[in-house]
Amino acid sequence: MDDRAEDALEFLRLRKSLLALFDDSWHLGRIRRIAPLVAGKTRFLEVSNKHLEGPISRTSFVSFVLDQAWLSELSTGILGLDHETLERFVKAVERDDWSAVDRIVGELNE
């Protein structure tokens, strides 16, 4: 597949994810918190899955999360997840289940 086709597929994936976020009747604050993760979903999943499987250390994962242009509430929430909850979080991101993503992060920030 050439670069243009890959870019088109990535755009369609992003569009689908963003539409799922807006279709969920979310208020603006929740959308602002999650939208940057939606936009960087592919890279987040790549790094997170490598971390969960072991090739990427906790330190490298923390560095990755802190380097993202996410609200501190999201970054802090992700970094506060234990291994099992991070696995559930990653699965929710993979499914575009943004309500579950927000719920998991929200539980840590309460």
Side-chain angles (χ1 to χ4, degrees):
M1 185 179 311
D2 67 11
D3 289 342
R4 293 178 74 195
E6 287 180 26
D7 288 346
L9 282 175
E10 184 61 29
F11 173 78
L12 290 174
R13 283 188 212 107
L14 177 59
R15 181 179 178 274
K16 177 184 173 230
S17 294
L18 287 171
L19 287 174
L21 186 63
F22 285 101
D23 285 347
D24 209 13
S25 304
W26 283 29
H27 62 76
L28 186 57
R30 290 172 72 191
I31 292 171
R32 285 185 54 225
R33 179 172 53 230
I34 300 299
L37 176 61
V38 173
K41 173 184 170 180
T42 302
R43 182 74 177 134
F44 171 76
L45 291 174
E46 178 184 319
V47 171
S48 298
N49 282 316
K50 286 182 181 178
H51 169 60
L52 290 168
E53 294 164 4
I56 293 182
S57 69
R58 172 75 180 162
T59 303
S60 295
F61 180 69
V62 168
S63 179
F64 166 77
V65 170
L66 294 176
D67 283 345
Q68 303 311 300
W70 299 338
L71 294 176
S72 63
E73 182 180 349
L74 178 60
S75 298
T76 303
I78 291 171
L79 294 177
L81 300 175
D82 60 39
H83 188 85
E84 180 181 316
T85 308
L86 180 59
E87 285 179 333
R88 285 190 302 118
F89 184 84
V90 168
K91 295 293 182 205
V93 171
E94 287 173 344
R95 294 187 314 267
D96 290 332
D97 187 350
W98 304 112
S99 291
V101 166
D102 189 62
R103 192 170 42 256
I104 292 168
V105 170
E107 290 170 1
L108 290 168
N109 288 307
E110 289 179 348

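A quick note: this is a predicted structure, and the numbers were derived from the prediction, not measured.
Side-chain contact between Leu74 and Gln68 is absent, with no heavy-atom pair separated by less than 4.5 Å. Contact check for Thr85 versus Phe89: no side-chain heavy atoms found under the 4.5 Å cut-off. Contact annotation: the side chain of Phe61 approaches that of Ile78 to within less than 4.5 Å [non-hydrogen atoms, C-beta and beyond]. Counting heavy atoms from C-beta on, the side chains of Arg58 and Leu79 come closer than 4.5 Å.
Across all non-hydrogen atoms, the minimal contact from Ala69 to Pro36 is O-CB, 3.8 Å. Residues Glu73 and Val105 approach most closely at O-CG1, 3.8 Å, considering heavy atoms.
Ser75 contributes atom OG, which lies 12.0 Å from atom CZ of Arg33 (distance to the nearest 0.5 angstrom). With values rounded to the nearest 0.5 angstrom, Asp82 atom CG is found 8.0 Å from Arg88 atom CZ. Rounded to the nearest 0.5 angstrom, Asp102 CG and Asp97 CG are separated by 10.5 Å. To the nearest 0.5 Å, atom NZ of residue Lys50 and atom CG of residue Leu52 are 13.0 Å apart. Taking CZ of Arg43 as the start and CG of Leu37 as the end, the distance is 13.5 Å to the nearest 0.5 Å. The CD atom of Glu46 sits 8.5 Å away from the CZ atom of Phe64 when rounded to the nearest 0.5 Å.
Linking ILVMFWY residues whenever their side-chain heavy atoms come closer than 4.5 Å, directly or via other members, leaves Val62 and Leu71 in distinct clusters.
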